[in-house]
Amino acid sequence: MVKLQRVNQQNTSAVTEFVLVGFEQSSPSTRALLFTLFLALYSLAMAMNGLIIFITWTDPRLNSPMYFFLGHLSFLDICFITTTIPQMLIHLVTKNHTVSFASCLTQMYLVFGVGVAECILLAFMAYDRYVAICHPLNYAQIVSRQMCVRLVLTSWIFGMVNGILLDYMTFQGPFCRENHIENFFCEAPIVIALSCGDPQFSLKVIFLDAIVVLLSPMVLIVTSYARILASILSRASSSGRGKTFSTCASHLTVVIFFYTSAMFSYMNPRSTHGPDKDKPFSLLYTIITPMCNPIIYSFRNKEMKGAMGRALGRGNLAQAESI
């Protein structure tokens, strides 16, 4: 039962809990199938991202800035997927889908903070590729270790500060309407629509913030790859073009996955949204993208495949010796 507390003398009540509808209306067999599927995807994402973190920190052959950024991207993916999927898995096998006001606020803050940090980090990774390809002789001086650390810290700090702003805009008003959230996690535009006051101002602020957070890094990404493309086309050797493009294709694929789903969720009018549209895109950027990132990078990068083979080989060797 929904907990309510009196807030005035006019029989108006404030919501203290939310109900995450998620896949509640699905049949038991469908929920069991979804639980198995999402548990497998979550486990795969955790294992693959964990492996990338391990090899980028321990393999001396992967000591370039690109792999430094990739390791932090995998860490962000682990944080991002863990804020939503474990809770969804629990709700798929239990009847109680309620979450407290504080839990909803905390989850939304983590989704905002980590998501924004990942947007900015993807832009810095595009800049890294631009410097490596277009200014190879000065690459070590421009993208030094100290610069890499500063860029990663910048993405984290901006994400966490931005999360505070967006959380405030979402929860600034009282909630006294319907408390059912038509998604499997606390997503800002849906929660704002449940507020007692006029949600238009908060929605406009979040929309403007999404423009800044998504489009500003996108400008850096597009500019970097436009210059990379010009550099590739100016090269005479077709083999050199293919090798250079291969190093960028993985990052471009990840950018397209992440930005497409995020833009749909936060830059579209709410009138065009609905549960049937929100859930697939929410699943795309909360579980599919974090799972695909390490797979895309490992399959398209010979150095990553070699490092993974060496790491798994050492693990098998150690297990054999222990036996």
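Start at 1 with the first residue, then count along the sequence.
- Listed by first and then second residue, the side-chain hydrogen bond (donor to acceptor under 3.5 Å, both in side chains) pairs involving residues 152-171 are Asn162-Asp209 (not counting sequence neighbours).
- Phe38 and Phe23 have tilted rings, their planes meeting at an angle from 30° to 60° on a 0 to 90° scale.
- With sequence neighbours excluded, no residue satisfies side chain to side chain donor-acceptor pair (under 3.5 Å) with Arg145.
- In the hydrophobic clustering, Val219 connects to no other residue, as no ILVMFWY side-chain heavy atoms lie under 4.5 Å from its own.
- By the side-chain contact (heavy atoms from CB on, under 4.5 Å) test, Ala123 pairs with Pro217, Leu220, Ile221, sequence neighbours left out.
- When the side chain to side chain donor-acceptor pair (under 3.5 Å) test is applied to Thr84, no partner is found at least two apart in sequence or on another chain.
- Residues Val161 make up the rest of the hydrophobic cluster containing Ile157, defined by ILVMFWY side-chain heavy atoms closer than 4.5 Å, directly or through other members.
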Which donor-acceptor pairs under 3.5 Å do the side chains of residues 28-36 make with protein atoms, sequence neighbours left out?
from	atom 1	to	atom 2	distance (Å)
Ser29	OG	Ser27	OG	3.2
Thr30	OG1	Ser27	OG	2.8
Arg31	NH1	Glu24	O	3.3
Arg31	NH1	Ser26	O	2.5
Thr36	OG1	Ala32	O	3.0

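- Residues forming a ring-ring contact (aromatic ring centres under 6.0 Å, His included) with Tyr127 (at least two apart in sequence, or on another chain): none.
- Among pairs with a residue in residues 37-47, those fulfilling side-chain hydrogen bond (donor to acceptor under 3.5 Å, both in side chains) read Tyr42-Thr82, at least two apart in sequence or across chains.
- Note on ring orientation: taking the six-membered ring where Trp is involved, the planes of Trp57 and Phe68 are tilted (angle from 30° to 60°).
- In this view, Ser100 and Ser103 satisfy the side chain to side chain donor-acceptor pair (under 3.5 Å) rule, not counting sequence neighbours.
- Identified under the disulfide bond (SG atoms under 2.5 Å apart) test for residues 33-81, with sequence neighbours left out: none.
- Under the rule for a disulfide bond (SG atoms under 2.5 Å apart), the partners of Cys104 that lie at least two apart in sequence or sit in another chain are Cys186.
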